[in-house]
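Working notes for the structure below.
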Amino acid sequence: MTLNKVDVITLFVDDVPRAKAFYQDVFGLDVIFEDTDSAVVRLANLIINVLRNENAPTLVEPYTTVGSGTQARFLLTIQVEDVDATIAELATHGVALLNGPTDRPWGRRTAAFADPAGHVWEIAQIIG
């Protein structure tokens with residue numbers, strides 16, 4: 001078995017139009033598919049599917065899903081050239097940081113923020 005690439009991530013959301021607008025406006029991504037229950041955008045070699053919470057159970061059964069809240073279940077990291085410049089750009093879109101920027105001992109400068117549904121994203125710059 002060869003596992004070499006994450007192709008799609010699906011994020012469960014309460015408000016598809018709001019999530020879609022976030023990924024279009026803040027990340028500058030194009031919508032490649034949408035219907036009443038989802039919107040799909042492309043981030044370089046990764047597809048992000050934002051799907052209404054009500055449709056999620058069929059994908060994860062017998063597990064259940066959790067609603068929006070303040071508990072992070074994972075962290076998605078995007079490598080950037082300059083964390084501070086990216087923070088400044090995020091601020092122009094009204095995005096507030098959860099933490100950072102912080103120089104990490106493993107050689108990355110990072111900052112984190114959340115999308116409207118509470119999914120936590122990190123931007124990371126390789127340093128040193």
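Since this is a predicted model, take the numbers as computed values, not measurements.
- Scanning all heavy atoms of the two residues, the minimum distance from A111 to P101 falls at CB-CA, 4.2 Å.
- With contacts defined as side-chain heavy-atom distances shorter than 4.5 Å, the pair L76/E122 does not qualify.
- No donor-acceptor pair closer than 3.5 Å links the side chain of H119 to the backbone N or O of A114.
- In this structure, CD1 on I127 lies 10.5 Å from CH2 on W106, to the nearest 0.5 angstrom.
- Taking CG of L43 as the start and CG of D30 as the end, the distance is 11.5 Å to the nearest 0.5 Å.
- A salt bridge does not link D82 to R109: none of the charged nitrogens lies less than 4.0 Å from a carboxylate oxygen.
- Scanning both residues, P57 and E61, for their nearest heavy atoms gives O-CG, 2.7 Å.
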Practice problem: Go through I48 and L11 one step at a time and tell me if the side chain to side chain contact (heavy atoms under 4.5 Å, CB included) criterion holds. | Solution: CA-CA 7 Å; I48 302 169; L11 304 175; 3.9 Å; yes

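- Note: the hydrophobic cluster containing V40 does not contain I9 (ILVMFWY, side chain heavy atoms under 4.5 Å, direct or indirect links).
- Within the model, atoms CG of L51 and OG1 of T10 stand 6.5 Å from one another, a figure rounded to the nearest 0.5 Å.
- Other residues, nucleotides and ligands contribute at most 12 non-hydrogen atoms within 6.0 Å of the CZ atom of R18.
- Counting only heavy atoms from C-beta outward, the side chains of D84 and T86 never approach each other to under 4.5 Å.
- Atom CZ of R42 and atom CZ of F33 lie 14.0 Å apart (nearest 0.5 Å).
- By the 4.5 Å heavy-atom criterion applied to side chains, P116 and D15 are not counted as neighbours.
- V50 has its side chain out of reach of S38: every pair of non-hydrogen atoms, C-beta onward, lies at least 4.5 Å apart.
- Ring pair F113/F22 is tilted by interplanar angle, where 30° to 60° counts as tilted.
- Between K20 and E34 there is a side-chain heavy-atom pair separated by less than 4.5 Å.
- Hydrophobic clustering (ILVMFWY, side-chain heavy atoms < 4.5 Å, transitive): L29 and I47 are in distinct clusters.
- Side-chain contact, T102 with N99: no donor N or O sits under 3.5 Å from an acceptor N or O.
- The structure places CZ of R108 at 12.5 Å from CD1 of I123, a figure rounded to the nearest 0.5 Å.
- Across all their heavy atoms, V83 and Q125 have their closest contact at N-OE1, 2.9 Å.
- Taking every heavy atom of both residues into account, V8 and L46 meet most closely at N-CD1, 4.0 Å.
- Using a 4.5 Å cut-off between side-chain heavy atoms of Ile, Leu, Val, Met, Phe, Trp and Tyr, with links allowed through other members, Y23 and I32 fall into different hydrophobic clusters.
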